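A short write-up of the structure that comes next.
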There are 2 protein chains.
Amino acid sequence: MIRTNTALLDYISGIRRDNREAISCYNFPEGTRIVEQQKRLSFVYIVKKGVAKCFLTEENGKDFIQEFFGEGEVFGEIEALNDKLSFCAVTALTDTEVYQIPRTDFLKLLDEDKVFNRFIMNAIAGKVRYKALRHAHNQLHAIEENVQRLQKQFPRLLEVIPKKDIANYLGVTLRSLNRVLSESGKEKF
Amino acid sequence: MIRTNTALLDYISGIRRDNREAISCYNFPEGTRIVEQQKRLSFVYIVKKGVAKCFLTEENGKDFIQEFFGEGEVFGEIEALNDKLSFCAVTALTDTEVYQIPRTDFLKLLDEDKVFNRFIMNAIAGKVRYKALRHAHNQLHAIEENVQRLQKQFPRLLEVIPKKDIANYLGVTLRSLNRVLSESGKEKF
DNA sequence: GAGATATCGGGACAAATGTCCTTTAGGATC
DNA sequence: GATCCTAAAGGACATTTGTCCCGATATCTC
């Protein structure tokens, strides 16, 4: 649910010690936007601290949350590779620090640093696997089971993430989420 | 919907001319199973000819179709990278020929052949992007709009793919799919 | 030809989910 | 204090989707 990749974070921190001019670090206060949807991206980002949400707004105004990015998660790498416009926006859910790598430097690193290459390859592969399992579950189960799965993965869910975001992550309305939460509570009595 | 990657297919065909011992080619008749779910995979596959379906069976017995693989699509690469069990099964929807690359040769190619590395990186990145857009749309629109989107992407849809598979791809029941198909037909009169 | 089996189509009803609307509460701003 | 946001909670109702049927049709097998 909140994805992390501490091995990648450690590695990029190490690279940065030798390469300070290429990799910069920025702070985004809670609620601010890090990446816009449908823009050309010049950078690849890696979360150093905090949690960001990555989401897509459809033409009907509804949002769908792709992932919550925690420490070490990379974003912008898909766009750097395929040279298309960003298909998601990213905003800081808490105060968030990110490493920012210019696209050309990122591609050069991929090409010249085999360890980095493998880290990124694994990160992207992880996204495929995660999405595959998540969406299969979401499509084949009722909201209640999907919520329970999230709570199991991440018990502090309701304390940390606004309910509207949880609903948007599950692809349901806030009303429906509230309903299953209160009803599954009742059943215990 | 039916994904293809002819550039990768051409490239792998070229590699195979110099490397015939590593990359073999097999034929799978319609309906046969190429990969099992929850198994350790020893190979990475690239579709040479035909269409295969990649799907996941949940513990409640329901299937969810992840992708239809057409020419040049690669599968098994996620498992080769992360060394986990397969999370999907793959069966031949039509008679299907595949190139089969032993896992160790695949990883060696990734490491030693920068062009191949980039092809695979782009292929996996493409899967992330495709899934992100697809699932956002599916979660935020009604079945009818989702079917229309598929028909627009792939007009011969209903002639080529069994309805049950289309329903499983959309994560809905066959009954619901039939309903929206017959009702959206009626509205035109 | 009789008996399996698979795909397709759809009726009737049940259950899940969405839409719309009202209320409450707290924080921010002027 | 008045006003404006935003998040949360939930009632009432409409719509969508699923479940459980039954029947038709085609193919394959013995």
Side-chain angles (χ1 to χ4, degrees), chain A residues 29-33 51 53 55 58-65 68 91-95 135-151 156-187 189, chain B residues 29-33 53 55 58 60-65 91-94 135-151 156-187 189:
Chain A
E30 178 179 336
T32 55
R33 194 161 279 233
V51 179
K53 73 170 171 178
F55 66 103
E58 286 278 319
E59 82 293 342
N60 59 13
K62 293 179 181 172
D63 287 348
F64 180 70
I65 295 184
F68 295 97
T91 67
L93 208 60
T94 66
D95 287 0
H135 290 118
H137 195 278
N138 275 234
Q139 294 281 6
L140 300 183
H141 296 82
I143 297 178
E144 181 169 353
E145 296 161 274
N146 292 329
V147 177
Q148 285 167 353
R149 178 164 173 268
L150 285 191
Q151 286 181 312
R156 292 179 55 229
L157 183 67
L158 291 163
E159 303 158 40
V160 178
I161 297 181
K163 281 201 170 176
K164 180 69 185 151
D165 285 337
I166 298 175
N168 285 345
Y169 180 83
L170 292 171
V172 302
T173 60
L174 181 55
R175 180 71 192 92
S176 300
L177 178 62
N178 271 328
R179 187 153 33 212
V180 302
L181 283 175
S182 65
E183 281 173 7
S184 68
K186 276 178 203 159
E187 281 166 22
F189 301 103
Chain B
E30 179 179 335
T32 55
R33 194 160 279 233
K53 73 169 172 179
F55 67 102
E58 286 280 319
N60 59 12
K62 292 180 181 173
D63 287 348
F64 181 70
I65 295 184
T91 65
L93 208 59
T94 66
H135 290 119
H137 195 279
N138 274 234
Q139 294 281 8
L140 300 183
H141 296 82
I143 297 178
E144 180 168 354
E145 296 160 273
N146 291 329
V147 178
Q148 285 166 354
R149 177 163 173 269
L150 285 190
Q151 285 181 312
R156 293 178 54 228
L157 183 67
L158 291 164
E159 303 158 40
V160 177
I161 297 181
K163 281 200 169 178
K164 181 69 185 150
D165 285 337
I166 297 175
N168 284 345
Y169 181 81
L170 292 171
V172 301
T173 60
L174 180 54
R175 181 70 192 93
S176 301
L177 179 61
N178 272 329
R179 185 152 36 210
V180 302
L181 283 174
S182 64
E183 280 171 9
S184 68
K186 278 178 201 161
E187 281 166 22
F189 301 103

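Only a predicted model underlies this, so the values are computations on that prediction, with no experimental measurement involved. Sequence lines set the chain letters: A, B, ... in the order given, protein chains first and strands last, and positions in each chain run from 1.
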(message) Assuming nearest nucleotide by heavy-atom distance, tell me which of Ile161(A) and His141(B) is located more 5' along DNA chain D.
(response) Ile161(A)
(request) Nearest whole angstrom, please: distance from the P of dA16(C) to the CD of Glu145(A). (result) 10 Å
(message) Under 4.0 Å, counting only non-hydrogen atoms across every strand here, what does Leu174(B) touch: a base, just sugar-phosphate, or nothing?
(response) nothing
(message) Between C1' on dA7(D) and NZ on Lys164(A), what's the gap in Å once rounded to a whole number?
(response) 11 Å
(request) Establish, with yes or no, whether the OP1 or OP2 oxygen of dT19(C) is under 4.0 angstrom from a side-chain nitrogen or oxygen of Lys62(A). (result) yes
(request) Would you mind reading off the distance between Leu170(A) atom CG and dA16(C) atom P, rounded to a whole angstrom? (result) 16 Å
(request) Rounded to the nearest angstrom, tell me the gap between atom CG in Leu177(B) and atom P in dG9(C). (result) 9 Å
(message) For a quick check, tell me whether the side chain of Arg179(B) and the base of dG18(D) share a donor-acceptor pair closer than 3.5 Å.
(response) yes
(request) Starting from the 5' end of DNA chain C, give me the residue, Ala142(A) or Pro162(B), whose nearest nucleotide shows up first. (result) Pro162(B)
(request) Give the nucleotide from the list dG18(D), dG9(C), dT17(C) with an atom nearest to the side chain of Thr173(B). (result) dG18(D)
(message) Just the rounded figure in Å: distance from P of dT27(D) to CD of Glu30(B).
(response) 14 Å
(request) Could you check which of dC20(D), dG9(C), dA12(D) has an atom nearest any side-chain atom of Arg175(B)? (result) dC20(D)
(message) So does Asn178(B) get a backbone contact from the side chain of Ser182(B), meaning a donor-acceptor N/O pair under 3.5 Å?
(response) yes
(message) If I take atom CD1 in residue Ile143(A) and atom P in nucleotide dG18(D), what distance separates them, rounded to the nearest angstrom?
(response) 12 Å
(message) Going by ring-ring contact (aromatic ring centres under 6.0 Å, His included), Tyr169(A) matches just one of Phe55(A), Phe64(A), Phe68(A). Which one?
(response) Phe68(A)
(request) Could you tell me whether a side-chain N or O of Asn168(B) sits under 3.5 Å from a main-chain N or O of Ile65(B), the two making a donor and an acceptor? (result) no
(message) With a 3.5 Å distance limit and no angle check, can you tell me whether Thr91(A) reaches the backbone of Gly31(A) through a side-chain donor-acceptor pair?
(response) no
(message) Without decimals, in angstroms, what is the distance between Asn146(A) CG and dA16(C) P?
(response) 13 Å
(request) Could you state the atom-to-atom distance from NZ of Lys163(A) to C1' of dT24(C) in whole Å? (result) 14 Å
(request) With rounding to the nearest 0.5 Å, note down the distance linking CD in Gln139(B) to CG in Asn138(A). (result) 5.5 Å
(message) Can you tell me if Asn178(B) touches the phosphate of dG9(C), counting only side-chain N or O atoms and a distance under 4.0 Å to OP1 or OP2?
(response) yes
